[in-house]
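Each ligand, and each atom within it, is numbered from 1 in the order the structure gives. Atom set for the values below is all heavy atoms of this structure, side chains included, hydrogens, waters and symmetry mates excluded. These numbers were taken from a predicted model, which means no experiment stands behind them. Positions are given from 1, in the same order as the sequence printed here.
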Amino acid sequence: MTRAGLFLVVVAISCRSPGPGGSAPQRDSGIAIRVNQLGYRPDARKVAVACTLEPRVITSFVIVDERNRTVFRPTATSTDGPFGPCAATYRLDFSPLRRAGVYRILAAGVSSPPVRIADDVYRGAADSLLAYMREQRSGYNPVFRDSVHQRSDGVLVDHPTRSGEFIPVSGGWADASDYLQYGATTAHATTMLLLAYRDHPEAFADRFQANGLPGANGISDVLDEARWGLAWLLKMYPQDDLLLNQVADDRDHTFWDLPVNDSADYGWGRGARRPVYPCTGKPQGLFENKNRSTGLASTAGKYAAAFALGAAIFRERDTAFARRLAERARAVYALGAAHPGVCQTAPARSPYFYEEDDWADDMELGAVELFALTGERTYFDAALRYAAVEPVSRWMGQDTARHYQWYPWHNNGHYEIWRAGSDSARRVVAEYYARGLEAVARRARNGFRIGIPFIWCSNNLLASFATQATFYRRMTGDSSYIEYETAALDWLFGTNPWGVSMVIGLGDRYPRTPHSVVADQLRLQLTGGLVDGPVYRSIFEHLRGIRLVEADEYAPFNTGFIVYHDDVGDYSTNEPIMDGTANLAWVLAGLSPR
Ligand SMILES: [Ca+2]
Ligand SMILES: [Ca+2]
């Protein structure tokens, strides 16, 4: 996602193995039946979507079992008109089929891929996300069994009095397929991992050590990963008045190197030290391009939330670590309260940066986690005040938004207020969530029931929508939005025009050639990585330096207003992303069988 400034030095690519099962509709039919490739839980809503590339009428469908016996009698479809490449879409609702098994859906002479119904279709899904997080580790990296940027991070830049000072900040995770690191995305990712563990510890295994190498250590792997994030965030907040926000910048994009031999040059020589940027509350950028930063609160609130949540979760396991986190949570929250406004990421040579425009959501979450940790009422009152500033995540209901303009894409704070609050506070935040869900649902009257804007990171918006819908359903018992909630997850796992699961390694057909140096040069499958996802054609066609390097196996489905390419050259739709991956952790963990 951050490779926008990159003019790819694309290595020769040959002998790529195609994914199993072609993406093309069945021969001459022009019809594809898309399903959730993980499967369906027996009590879930179950809907497949038929996409016809030319106008075709599909009136009914049947379902057969593995022995070809009809188990679901001819049932009427519901037609929903065109969407993207589909001249028509049909929803094939088989929710009444509850018996566990493996089936196929037949309609108009076309068969779906195998469809699984079982209690455990999401077993291991949340846990598998962690494989990608481990692969993205900076500092010591368990995939390379080597250090990554361990001695190079970092030299303080853009500080009024201390620029040039070395501050040890190695650790954390690379943000995506580049090696930049951001406090805001890392703090959100860490929070999502901690929430996933707090609410659904059973979804995670213990097969890895703290350093990410194989071997159980008696600690849930999701906590090992969350602690990796927390340890880095502590380094990024070394003193009460020094809040660090970013390591490296888009000069990283000059080369297509593995992280262990990153040859980016920030003015101290190739492969030498990397810059670390503080939040200054002012527009930042060392060269001609500047961001629009106005304060510290957006980053401070996120750090405060991760620290406070970490302090609560590690209280029994490691008292000293938890005490340190609690102390840092209070300090960074106070810093944010004193400096309202946003701290955006800093551009260098390219004009692109994360244009976060909201900070009340972050301070809300920081405040409510501090209340949960300390019981001090002033934090709770502050959380409610911040919540009222941004009741609805502002991309919801919109056609478009700037890059990371409204981040995180859902507001965890409302759910945390609900957990801690009185009945009246609970009603208020539930209504806030409902407004956002309604705004998205109103735009989702299409065959796929998808109402998000197809900006960069559209998959993250879907993960967040599903998370918010799940929060809301738990808070209220109101299932009004469950069709959209289910559709969002189904889309991520294959019920989309391309029939692609957007998480590498999950499902039958998933991204085989993601935009990643590590995957490309080492022929390594980045299991668990969520890719950016489809974007508006208008966005794709205006990106700098983008070029597909292989024939497009999904070409028949890239004729509409949104596109997706399983191509190493497409940094807009096919790049795995660290914070998007972690953003899926809570909702997938909640689907894991107990
Ligand atoms: Ca472990
Ligand atoms: Ca924000």
Side-chain angles (χ1 to χ4, degrees), residues 126-131 133-134 137 142 182-189 191-194 196-197 201-231 245 279 291-306 313-314 317-318 332-333 336-337 339-345 353-369 383 386-387 389-396 401-414 416 432 436 457 460-461 464 468 579 583:
D127 198 53
S128 70
L129 302 174
L130 302 176
M133 302 300 286
R134 286 188 290 269
R137 284 191 185 193
Y182 300 118
T185 54
T186 300
H188 174 60
T191 293
M192 293 312 297
L193 298 176
L194 290 168
Y197 175 79
E202 70 283 353
F204 299 96
D206 172 23
R207 299 192 194 98
F208 292 87
Q209 307 167 53
N211 64 7
L213 290 174
N217 64 347
I219 297 167
S220 175
D221 294 340
V222 72
L223 274 193
D224 288 325
E225 211 54 40
R227 185 165 184 155
W228 189 261
L230 287 169
N245 194 50
C279 290
N291 66 21
R292 297 184 305 277
S293 289
T294 57
L296 275 62
S298 63
T299 294
K302 292 186 189 76
Y303 282 36
I313 288 173
F314 282 97
R317 292 175 180 80
D318 186 337
V332 76
Y333 176 82
H339 300 277
V342 290
C343 173
Q344 302 179 334
T345 70
F353 55 94
Y354 286 8
E355 305 177 56
E356 186 172 355
D357 268 343
D358 57 356
W359 55 270
D361 57 336
D362 308 302
M363 290 299 288
E364 174 191 347
L365 184 60
V368 71
E369 297 300 1
Y386 286 126
V389 175
E390 190 180 273
V392 178
S393 298
R394 292 183 192 175
W395 65 265
M396 294 184 170
R402 292 172 180 272
H403 195 43
Y404 277 66
Q405 187 175 7
W406 310 117
Y407 182 79
W409 301 282
H410 69 272
N411 185 330
N412 285 305
H414 297 348
E416 299 298 279
Y432 290 168
C457 308
N460 305 353
L461 300 184
S464 274
Q468 177 163 325
D579 69 315
N583 196 45

Indicate yes or no for a side-chain donor-acceptor contact from [X] to the backbone of [Y] under 3.5 Å, with no hydrogens or angles considered.
X	Y	value
Asp361	Asn411	no
Glu356	Trp406	no
Asp224	Asn211	no
Asn245	Cys279	no

Distance check below 3.0 Å: does Asp361 bring an N, O or S atom to the Ca ion (ligand 2)? yes
Below 3.0 Å, any N, O or S contact between Tyr407 and the Ca ion (ligand 2)? yes
What angle, in degrees and rounded to 10°, do you get at the Ca ion (ligand 1) when you join it to OD1 of Asp221 and to OD1 of Asp206? 90°
ang(OD2 Asp224, the Ca ion (ligand 1), O Phe208) rounded to 10° is 90°
Using 3.0 Å as a strict upper limit, say whether an N, O or S atom of [X] approaches the Ca ion (ligand 1) that closely.
X	value
Asn217	yes
Ala205	no
Ala210	no

Without hydrogens or angle criteria, can the side chains of Asn583 and Ser464 be said to hold a donor-acceptor pair below 3.5 Å? yes
Specify whether Tyr407 and His188 have parallel, tilted or perpendicular ring planes, treating 30° as the upper limit for parallel and 60° as the lower limit for perpendicular. perpendicular
Are any of the side-chain nitrogens in Arg394 or Asp357 under 4.0 Å away from the carboxylate oxygens of its partner? no
Find, among atoms of Glu356 that are N, O or S, the one nearest to the Ca ion (ligand 2), and state its name. OE2
Of all the N, O or S atoms in Asp362, which one sits nearest to the Ca ion (ligand 2)? OD2
